[in-house]
Amino acid sequence: MNFSNTYACLNEVFYEKTHPTPVLDPKLFLWNSSLAEQLMIPDDLKNDPIALAQVFSGNHIMPGSEPIATAYAGHQFGNFVPQLGDGRAHLLGEVIDRSGQRWDIQLKGSGPTSFSRGRDGRCAIGPAVREFIMSEAMNALGVPTTRCLAVVTTGEPVFRDTPVPGAIVTRVASSHLRIGTFQFFAAQGDHHALKTLCDYTIKRHYPELQEEGPNQYILFIKKVIERLIQLIVEWMRVGFIHGVMNTDNMSISGETIDYGPCAMMGTYDPQTVYSSIDIMGRYAFGNQPRIAQWNIERFAECLLPLINVNTNKAIDQVGPIITEFPNRFKQVYMEMIEKKLGLTSFQQEDQKLLFSILGRLKERRIDYTVTFDLLTKSLMSETATSQMKNELEECFDIWKRRLNDQDATSKEVQKLMRKHNPVVIPRNHHIEAVIQECEQSGDVTLVEKFLQVLRSPYEELEQTSQYQDLPSDGDKDYQTFCGT
Ligand code: AMP
Ligand code: MG
């Protein structure tokens with residue numbers, strides 16, 4: 001692999017140089033061939049599962065790779081922790097893909113680093129498989145996300161509640177720069193490192209800002225806000241609940257990162273929380289926009305000293321940008337929902353229509369994905385029409401009238417809706433069944449079959465119907481765990 005590492009070229013305050021801890025018996029468990037193609041993994045490596053297991057367990061460090069554990073801080077559930085960092089991950093380096101895009105290649109679960117705070121630096125197979133499935137599903141759904149190239153089992157147990165098989169995930173991300181990375185230096189008052197980090201990030205993710213002179217840090221905040229809004233709106237579109245939107249889990253590039261206790265919402269309810277540790281529901285489905293804004297405020301605070309040495313003046317400059325967040329969010333959200341509803345332009349009363357549909361789903365505990373799938377189908381199917389009429393009653397009629405007033409054929413509307421309404425999502429009960437199979441038998445047949453369906457979420461494949469069923473209890477008691 002052709003590494004070209006830029007982050008490791010920065011000063012050592014940004015990371016610790018450290019190697020993965022070798023594992024006993026690495027075996028390639030899941031492999032993402034299309035991503036491997038994109039990354040131009042050399043043929044001799046790609047075709048050798050033993051070599052792949054050595055490389056993507058961290059047992060063999062390839063030439064050009066300079067493993068580091070990156071430093072970051074973060075607000076966890078609202079409480080600031082000045083030092084977190086990669087406690088169980090190693091950034092192997094960066095590679096350039098077929099289209100010229102730069103990617104971080106990171107191992108997760110590859111052993112302790114100086115950021116581990118006494119923990120084992122390892123990852124269990126369950127969370128590793130979950131990250132692989134969820135990120136593949138999100139990518140296919142069209143949601144910006146980090147991806148997984150591989151899951152390698154280690155042949156060693158990790159000790160959680162009970163001993164479970166250990167695994168290492170290879171994560172591919174457009175970078176691992178987080179809001180928490182900026183907080184790490186801001187909290188230390190290290191303005192020099194902060195400026196280096198901002199300039200590095202701008203060059204890597206927002207190069208168009210380099211020409212903007214002293215204004216660039218303000219514009220940088222604006223760009224990050226825009227990407228984050230686009231991201232959260234996409235989460236809301238597909239019903240994704242991240243579960244742990246701590247500032248260290250918020251990527252500056254606007255990708256979904258750190259698939260821990262994440263899950264998909266079934267029945268529509270903004271208060272849905274599945275994470276066992278989110279007792280207060282801070283990261284509930286419907287809170288995600290508000291939390292994104294809170295996180296952005298923490299990010300903007302870090303940049304104040306670079307914007308103006310006079311803090312009050314800097315706040316005067318940044319304040320209005322932050323205040324704009326809710327309006328801008330609403331605008332992007334409404335544009336997304338219009339498409340889900342097949343509306344080609346926005347009219348004032350559409351908001352009322354949307355709220356009455358969502359209100360009805362909540363009140364009757366109706367599934368979010370199924371509803372929008374059936375609405376899409378109702379344009380061409382009598383069965384779907386009567387089902388939706390039955391469930392949405394007058395909302396359905398209002399929606400139909402609104403569509404009829406549009407200057408678009410049913411076929412065009414259906415095409416628009418289908419692009420935004422999946423037929424299948426990674427439902428929690430299927431994820432759990434597949435993970436259990438991986439843990440117990442070590443067989444990948446089920447997970448591969450599931451992935452095949454999830455990779456075409458807008459199409460009804462032969463096997464799709466096997467994954468569209470709803471959980472018997474509506475996920476009422478479903479819980480996810482951090483997997484640490
Ligand atoms: P996460 O909940 O995965 O976002 O992790 C939060 C922090 O805890 C990060 O600094 C991680 O590196 C660290 N961490 C999580 N699990 C482990 C582990 N098993 N060993 C060492 N550090 C960990
Ligand atoms: Mg994290």
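Ligands are counted one by one from 1 in listed order, and the atoms in each one are counted from 1 as well. The first residue of the sequence shown is numbered 1, and numbering continues consecutively from there.
Excluding waters, the set of protein N/O/S atoms under 2.8 Å from the Mg ion (ligand 2) reads Asn249 OD1, Asp258 OD2.
Taking the ring centre of Trp294 as origin, the terminal cationic atom of Arg298 falls inside the region bounded by 6.0 Å and 45° from the ring axis. For the pair Lys340 and Tyr368, the distance from NZ or CZ to the six-membered ring centre is under 6.0 Å and the angle to the ring normal is within 45 degrees.
Taking the six-membered ring where tryptophan is involved, the planes of Phe450 and His430 are tilted, since the angle between them lies from 30° to 60°. Using cut-offs of 30° and 60° on the angle between ring planes, the pair Phe14 and Phe185 is tilted. By the 30° and 60° cut-offs, the orientation of the rings of His242 relative to Phe240 is perpendicular.
In the candidate list Arg119, Arg88, Arg178, Arg119 is nearest to atom 8 (O) of ligand 1, counting heavy atoms. When Gly118, Ala89, Gly87 are ranked by how near their heavy atoms come to atom 12 (O) of ligand 1, first place goes to Gly87.
Atoms of ligand 1 lying under 4.0 Å from at least one heavy atom of Arg160, given by number and element, are 19 (N). Every atom of ligand 1 is numbered from 1 in the order shown, and the set under 4.0 Å from a heavy atom of Arg122 is 19 (N). Close approach to Asp258 involves these atoms of ligand 1, each under 4.0 Å from a residue heavy atom: 4 (O). Those atoms of ligand 1 with a heavy atom of Tyr72 less than 4.0 angstrom away are 9 (C), 10 (O). Close approach of ligand 1 to Arg117 is summarised as follows: ligand atoms under 4.0 Å from at least one heavy atom of the residue are 7 (C), 8 (O), 10 (O), 13 (C). Interface of Asn249 with ligand 1, defined as ligand atoms under 4.0 Å from a residue heavy atom, comprises 4 (O).
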Show every donor-acceptor pair shorter than 3.5 Å between a side-chain atom in residues 71-84 and any protein atom, with sequence neighbours excluded, or say none if there are none.
residue: Tyr72; atom: OH; partner: Gly85; partner atom: O; Å: 3.3
residue: His75; atom: ND1; partner: Gln183; partner atom: NE2; Å: 2.8

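In terms of N/O distances under 3.5 Å, ligand 1 is not approached by Gln76. Ligand 1 has an N or O atom lying under 3.5 Å from an N or O atom of Gly85, backbone or side chain. Between Asp120 and ligand 1, a contact under 3.5 Å exists for at least one N or O pair. For Phe115, no nitrogen or oxygen atom sits less than 3.5 Å from a nitrogen or oxygen atom of ligand 1, counting backbone and side chain alike. Residue contacts with ligand 1: Lys108 is placed with no nitrogen or oxygen under 3.5 Å of a nitrogen or oxygen of the ligand (distance criterion only).
At a heavy-atom distance under 4.0 Å, atoms from both the backbone and the side chain of Leu84 approach ligand 1.
Phe372 has its ring centre no less than 6.0 Å from the ring centre of Tyr268.
Taking 4.5 Å as the limit, every side-chain heavy atom of Tyr283 sits out of range of all side-chain heavy atoms of Ile241.
Side-chain atoms of Tyr217 and Asp199 include a donor-acceptor pair closer than 3.5 Å.
The shortest heavy-atom contact between Met40 and Ile96 is CE-O, 3.7 Å. Closest non-hydrogen pair, Val13 versus Ala193, comes out as CG2-CB, 4.3 Å.
A search for side chain to side chain donor-acceptor pair (under 3.5 Å) contacts involving Tyr458 returns Arg237, not counting sequence neighbours. The side chain to side chain donor-acceptor pair (under 3.5 Å) test applied to Trp103 returns Asp97, not counting sequence neighbours.
Assignment of Gly121 to the shell around ligand 1 is supported, since a heavy atom sits closer than 4.0 Å.
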